[in-house]
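Numbering of ligands and ligand atoms starts at 1, following listing order. Numbers here simply count residues along the sequence, with the first being 1. Hydrogens, waters and symmetry mates are skipped; everything else that's a heavy atom, side chains included, is used.
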Amino acid sequence: MSNLKAQLGLPGRLDVARLREDFPILSQTVHGRPLVYLDNGASAQKPEAVIEAERRCYREYYANIHRGVHYLSQTSTTEYEAARGKVQRFLNAASDKEIVFTRGTTESINLVAHSYVRPRLRAGDEILVSAMEHHSNIVPWQLLCEETGAVLKVIPISEAGEIDLDAFAELLGERTRLLSVVHVSNALGTVNPVAEMIRQAHAKGIPVLLDGAQAVPHMPVDVQALGADFYAFSAHKLYGPTGVGVLYGKYDLLKAMRPYQGGGDMIKTVSFEKTIYADPPNRFEAGTPNIAGVIALGAAVDYLSEVGLEAIAAYEQELLDYATERLSAIPGLRIIGTAPNKAGVISFVMDGAHPHDIGTLLDEQGVAVRAGHHCAEPVMRRYAVPATARASFGLYNTREEVDVLVAAIEKVRELFGA
Ligand code: C6P
């Protein structure tokens, strides 16, 4: 169905009831209530196709890759490299050589920090991030700054949770060596105007890394149309397995970069006198990778392509609008992050109830949300809250589940006498 719709260029509607059947974990009860899983920002559940791809790999053709002449190794290698091609098409990268498999967004960002930025960074140089970054797009840069005397600069955000574009334009300076910014905020849900930000950075010759961890599950991403130099994401938020991630990098940049780690499978030749590194992407994939995980990521990408990212985006927008409307009507509840352009996330606080208590009480009613700082402590500080409760949506969530969330929040209000 989605193939036809994609051919016709229509986003189409999701048959969510049907899609839910693809996710075995969703049909259970928790504390005697039907599970309402609204913690997709932390990690999404896996469809049967992903579970089965990993299982098939281990049952039918598993062996180490790139090393064996035997049948199993060659089959594993073919499947692993096929996943690279799937991710290339998923991101519309120019070549599969621009797709590096990592352990996740965190490792992808650290790879860029060490292999691209570190050798080019001098005391007084600047790295530019926004005030809504996840810790994994803050701490790697602080480590580099400590080492080199470079400076981390921060683009402020508005009360609604939008990047201050005037401040951004001023902060893009002579000494800026990298703009590293989140595509969609995990704590606020804001979709940042990254294409425009990249345009402005490139006009000053500044390369750009996008943290796409919370973007790829919710919208089609075209790295060439965006012009991103680097793009990082994790498989586990994309309905794929844990322990696998992707770093997209423009080939010329990857080609000019030092390896991240040394080891097997990242070299052309090794001698004690001199080692010649393999070309990208192998240069950045030292050691035995998560073979079955990468293959399962390929299955996740197939699954999402079949369902259709446009249709997912359209459906989730409707769901987000509905949830925003319903939550906004709850007295004493404040949504943190009210940008007009949001995806998949509602962070909120309530008068008289700590977010951790909200999380625990919702769990008792079968509703899984995340409570905490969401590894974005500077965001919490910006809004002067210790933490938030966060409902984050996936393609299988429904309006009825939003109603259950709202009813559960009403119970919290009653309990706390708000
Ligand atoms: N955010 C959340 O609950 P890893 O852990 O490497 O797969 O992803 C890190 C990461 C990076 N950037 C953004 C925008 C993210 O949201 C995350 C992970 C989870 O919001 C876990 S803290």
Side-chain angles (χ1 to χ4, degrees), residues 37-46 87 100-114 129-143 155 157 161 163 179-192 194 197 208-219 221 228 230-248 260 289-290 293-294 296-297 300 336-337 339 342-348 355-356 358-359 362-363 368-380 382 387-394:
Y37 187 76
L38 298 175
D39 196 16
N40 297 284
S43 206
Q45 301 299 347
K46 320 304 172 200
V87 173
V100 178
F101 290 120
T102 63
R103 285 190 301 127
T105 309
T106 303
E107 190 175 55
S108 297
I109 295 173
N110 277 277
L111 195 165
V112 175
H114 286 273
V129 298
S130 83
M132 66 173 93
E133 300 306 323
H134 185 275
H135 296 166
S136 62
N137 198 22
I138 300 173
V139 185
W141 310 119
Q142 289 175 324
L143 289 167
I155 314 161
I157 57 175
I163 282 185
L179 167 66
S180 190
V181 73
V182 73
H183 191 172
V184 173
S185 158
N186 69 319
L188 301 168
T190 313
V191 181
N192 285 318
V194 287
M197 293 175 79
V208 183
L209 162 62
L210 294 183
D211 169 354
Q214 300 287 348
V216 284
H218 301 297
M219 62 188 69
V221 170
F230 298 103
Y231 197 96
F233 71 87
S234 304
H236 70 96
K237 296 185 201 288
L238 193 69
Y239 309 97
T242 52
V244 178
V246 168
L247 175 68
Y248 157 81
Y260 176 46
N290 185 344
V294 164
L297 165 60
I336 306 284
K342 281 181 63 173
V345 167
I346 302 184
S347 256
F348 61 94
H356 286 123
I358 300 173
L362 294 188
D363 176 58
V369 298
R370 184 169 172 190
H373 54 56
H374 316 296
C375 301
E377 282 193 40
V379 175
M380 302 299 118
R382 164 68 180 77
T388 71
R390 182 189 68 178
S392 52
F393 302 100

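Close approach of ligand 1 to Q214 (heavy-atom distance below 4.0 Å) involves ligand atoms 1 (N), 14 (C), 15 (C), 16 (O), 20 (O). Of all the atoms in ligand 1, the ones that sit under 4.0 Å from a non-hydrogen atom of S234 are 4 (P), 6 (O), 7 (O), 8 (O). Of all atoms in ligand 1, listed by their number and element, those nearer than 4.0 Å to a heavy atom of C375 are 22 (S). Within ligand 1, the atoms closer than 4.0 Å to a non-hydrogen atom of S136 are 9 (C), 10 (C), 11 (C), 12 (N), numbered from 1 in the order shown.
Annotation: side chain of F233 is not in contact with side chain of H183 (no heavy-atom distance under 4.5 Å). Considering only heavy atoms from C-beta on, D211 comes within 4.5 Å of I109 through its side chain.
A heavy-atom separation below 4.0 Å is not found between H135 and ligand 1.
In this comparison of H373, H134, E107, H374, the heavy atom closest to atom 10 (C) of ligand 1 sits on H134. Counting heavy atoms only, R370 comes closest to atom 21 (C) of ligand 1 of the residues M132, R370, R390. Comparing D211, N186, D39, V182 by heavy-atom distance to atom 13 (C) of ligand 1, the nearest is D211.
Contacts between A42 and ligand 1 below 4.0 angstrom, taking non-hydrogen atoms only, involve backbone and side chain alike. With a heavy-atom cut-off of 4.0 Å, R103 does not touch ligand 1 at all.
Note: H373 and H135 meet the aromatic proximity criterion, with ring centroids under 6.0 Å apart.
If you check which protein heavy atom lies closest to atom 1 (N) of ligand 1, you get K237 NZ, 2.9 Å. Atom 6 (O) of ligand 1 has as its closest protein heavy atom T106 OG1, 2.5 Å.
With S347 contributing its side chain and I336 its backbone, the two residues share no donor-acceptor pair below 3.5 Å. Put simply, the side chain of N186 gets close to the backbone of H374: a donor and an acceptor are under 3.5 Å apart.
K237 pairs by the side chain to side chain contact (heavy atoms under 4.5 Å, CB included) definition with A213, Q214, P217, not counting sequence neighbours. In this structure R370 satisfies the salt bridge (charged side-chain N to carboxylate O under 4.0 Å, His left out) test with no other residue, sequence neighbours excluded.
S392 and N40 form no side-chain donor-acceptor contact under 3.5 Å, judged by distance and modelled atom types alone.
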